[in-house]
S.K.: 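One structure follows; several queries about it will come next.
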Amino acid sequence: MHHALSVSELNNYLRELLETNPLLSDVWVEGEISEFKRHAASGHCYFSIKDAEALLRAVMWRSAASRLPALPRPGEAVLVHGYVSIYPQRGDLQLYADMLLPAGMGILHARFEELKARLESEGFFSLERKRPLPARPRRIGIVTGPQSAALHDMLTVLGRRCPLVEVLVAPCLVQGERAPDSIVAALNSLFQAGVDVIIVARGGGALEDLWSFNDEAVARAVFASPVPVITGVGHETDTTIVDLVADLRAPTPSAAAELVVPELPELAAEVASARARLDAAARASLSLRRDQVAEAARVVERHSPLRRVDRERQQADDLVRRLERSVSAAIQLRGVALAGVAGRLQILSPRATLARGYAVVRRADTGQVLTHPAQAAPATPLAITLRDGELRATVENGEG
Amino acid sequence: MNAQTPMESYETLYARLQAVVARLEAGELPLAETLQLYEQGVQLAAECQRLLDAAELRVRQLQVAEPGLDLLP
């Protein structure tokens, strides 16, 4: 050290030293409140914490102070979280507090509350970022303690409900100092392997046993998960930070397993329903076709040669009937004509001539009608037919 | 991670079955195609059911750096 430091240099050096110290930059202090003051204009709070032998000045900015349910009273035992630094203008070393809790709740709970408040302000628990579980997961990742009852229960449920899925188990330590790192490593290995959903399961127990699930690194790993994460806790115990960050929290590991997969009968039902639709569609198609065939048959029948024969047979019958009718008509007609002819015959009959006074002369022996005198020699007997009778006569003389 | 999981096989078959049903339901197909599709659908449904009946849960343990974390024998 070859030259003297200015006061500013020294204070700034101290500030940097304090603020980069891992213990002092994230520290819990237990003590008793003395002289707590809230600055009316700014809303910042200035106070001291002390125990039997020592005193520490502290400041809490308005933003942190606004989260206090009530301002602490002097003499109250508290747990205060924050970082230690100095205020260079005055050279005062003080605790810059961001959280103040009653000492009675214990350091673990206090830490929990502090982390929860911080992650909440970062939006880790926001409902808008909760993702729905995949409807049909193919690969399911499980982060849990090896050989745990929780794992056994989950595999039993998955095997019973939906043995179509593949399960990737990433074992981890769930207790002890190394547990948070182990859980983060297990999560990362699942992210890398590629799964559709992750179950983080833990047995229930004392708050100390759940400490790994209230760890900030674990909370951040779950938050960063590319796929939905569901937690399953052994018993209905206090909610952990990881439960809050996860997309869904199930009451038990078995319940988590049940929530992530569909049940086999659901799949069987959808196959059965598809099968039924298949049958119905085929039946509908066939019955449509049957109708078409029936219609076609009707058309064919209309044009059938048998129909034509029938039709022609009928035509023939008609013709015959018409023929019969016309024949009988013709016959009648002819009857009338015959009558006419008979009349005419009557006219031509010799009787009519006889009636007019003519006579017909026949040889009585041969019946021959005589039209020439040579036909009858003298003494030939004659029969003369008159209108009303016959005369007998004999030829007197021959010709010439 | 490259082999199909049974769920993927099931989904592939089921999607094909759905497609066949949809085509049949749309109708307007020649009779031969209708019968062929129907037979194909029946077969797909049977394969789906077979997958469901035969499925056995596959469990794999990932290698994790932590020693002493053996889960399965």
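Below, read A as the first sequence line, B as the second, and so on, with proteins coming before strands; counting in each chain starts at 1.
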S.K.: Asn188(A) versus chain B, heavy atoms under 4.5 Å apart: side chain, backbone, both or neither?
M.R.: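 It is neither, since no heavy atom gets under 4.5 Å.
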S.K.: Heavy-atom distances under 4.5 Å only: say whether Gln192(A) touches chain B with side chain, backbone, both or neither.
M.R.: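 Neither part, no heavy atoms under 4.5 Å.
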S.K.: Who wins among Ala280(A), Ala268(A), Cys162(A), Gly141(A) for the most heavy-atom pairs under 4.5 Å with chain B?
M.R.: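 Option with the greatest count: Ala268(A).
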S.K.: Return the CZ to CG distance between Arg160(A) and Leu57(B), rounded to the nearest 0.5 Å.
M.R.: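 So the CZ of Arg160(A) and the CG of Leu57(B) are separated by 12.0 Å.
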S.K.: Quick check for you: to the nearest 0.5 Å, what is the distance between Leu278(A) atom CG and Leu37(B) atom CG?
M.R.: 8.5 Å
S.K.: Can you check whether Leu62(B) reaches Leu190(A) side chain to side chain, under 4.5 Å on heavy atoms?
M.R.: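 They are in side-chain contact.
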S.K.: Do you know which of Leu13(B), Leu24(B), Thr5(B) has the most heavy-atom pairs with chain A at a distance under 4.5 angstrom?
M.R.: Thr5(B)
S.K.: What option among Glu56(B), Gln18(B), Glu11(B) has the most heavy-atom pairs under 4.5 Å with chain A?
M.R.: Glu11(B)
S.K.: Name the atoms and distances for all side-chain donor-acceptor pairs under 3.5 Å in residues 42-50 of chain B, with sequence neighbours left out.
M.R.:
from, atom 1, to, atom 2, distance (Å)
Gln49(B), NE2, Asp53(B), OD1, 3.1

S.K.: Would the number of heavy atoms belonging to other residues, nucleotides or ligands and lying under 6.0 Å from CZ of Arg277(A) be above 12?
M.R.: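 Counting other residues, nucleotides and ligands, CZ of Arg277(A) exceeds 12 neighbours.
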S.K.: Nearest 0.5 Å, what's the CG-CG distance between Leu286(A) and Leu35(B)?
M.R.: 6.5 Å
S.K.: Under 3.5 Å, which donor-acceptor pairs do the side chains of residues 290-297 of chain A form with other protein atoms, sequence neighbours left out?
M.R.:
from, atom 1, to, atom 2, distance (Å)
Glu295(A), OE1, Arg298(A), NE, 3.4
Glu295(A), OE1, Arg298(A), NH2, 2.9

S.K.: Using non-hydrogen atoms only, which part of Tyr38(B) is less than 4.5 Å away from chain A: side chain, backbone, both, or neither?
M.R.: both
S.K.: Taking all atoms of both residues into account, what is the closest heavy-atom pair of Val21(B) and Ala274(A), and its distance?
M.R.: CG2-O, 3.5 Å
S.K.: So, for Leu264(A) and Leu52(B), which heavy atoms are closest and what is the spacing to 0.1 Å?
M.R.: CD2-O, 3.6 Å
S.K.: Measuring from Arg58(B):CZ to Glu166(A):CD, what's the distance to the nearest 0.5 Å?
M.R.: 5.5 Å
S.K.: Using side-chain contact (heavy atoms from CB on, under 4.5 Å), reason through Glu8(B) and Arg139(A) one step at a time and then give a plain yes or no.
M.R.: CA-CA 10 Å; Glu8(B) 283 164 319; Arg139(A) 286 191 188 81; 4.1 Å; yes
S.K.: State which residue, out of Val165(A), Ile140(A), Val261(A), fulfils the side-chain contact (heavy atoms from CB on, under 4.5 Å) condition with Met7(B).
M.R.: Val165(A)
S.K.: Is Ile142(A) in contact with chain B via its backbone, its side chain, both, or neither, using a 4.5 Å heavy-atom distance?
M.R.: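 For Ile142(A), there is no contact with chain B at all, as no heavy atom is under 4.5 Å.
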S.K.: Under the side-chain contact (heavy atoms from CB on, under 4.5 Å) rule, what do Leu267(A) and Tyr14(B) come out as? Steps first, then yes or no, please.
M.R.: CA-CA 9 Å; Leu267(A) 304 184; Tyr14(B) 184 67; over 6 Å; no
S.K.: Could you tell me which portion of Pro262(A) (side chain, backbone, both or neither) has an atom closer than 4.5 angstrom to a non-hydrogen atom of chain B?
M.R.: side chain
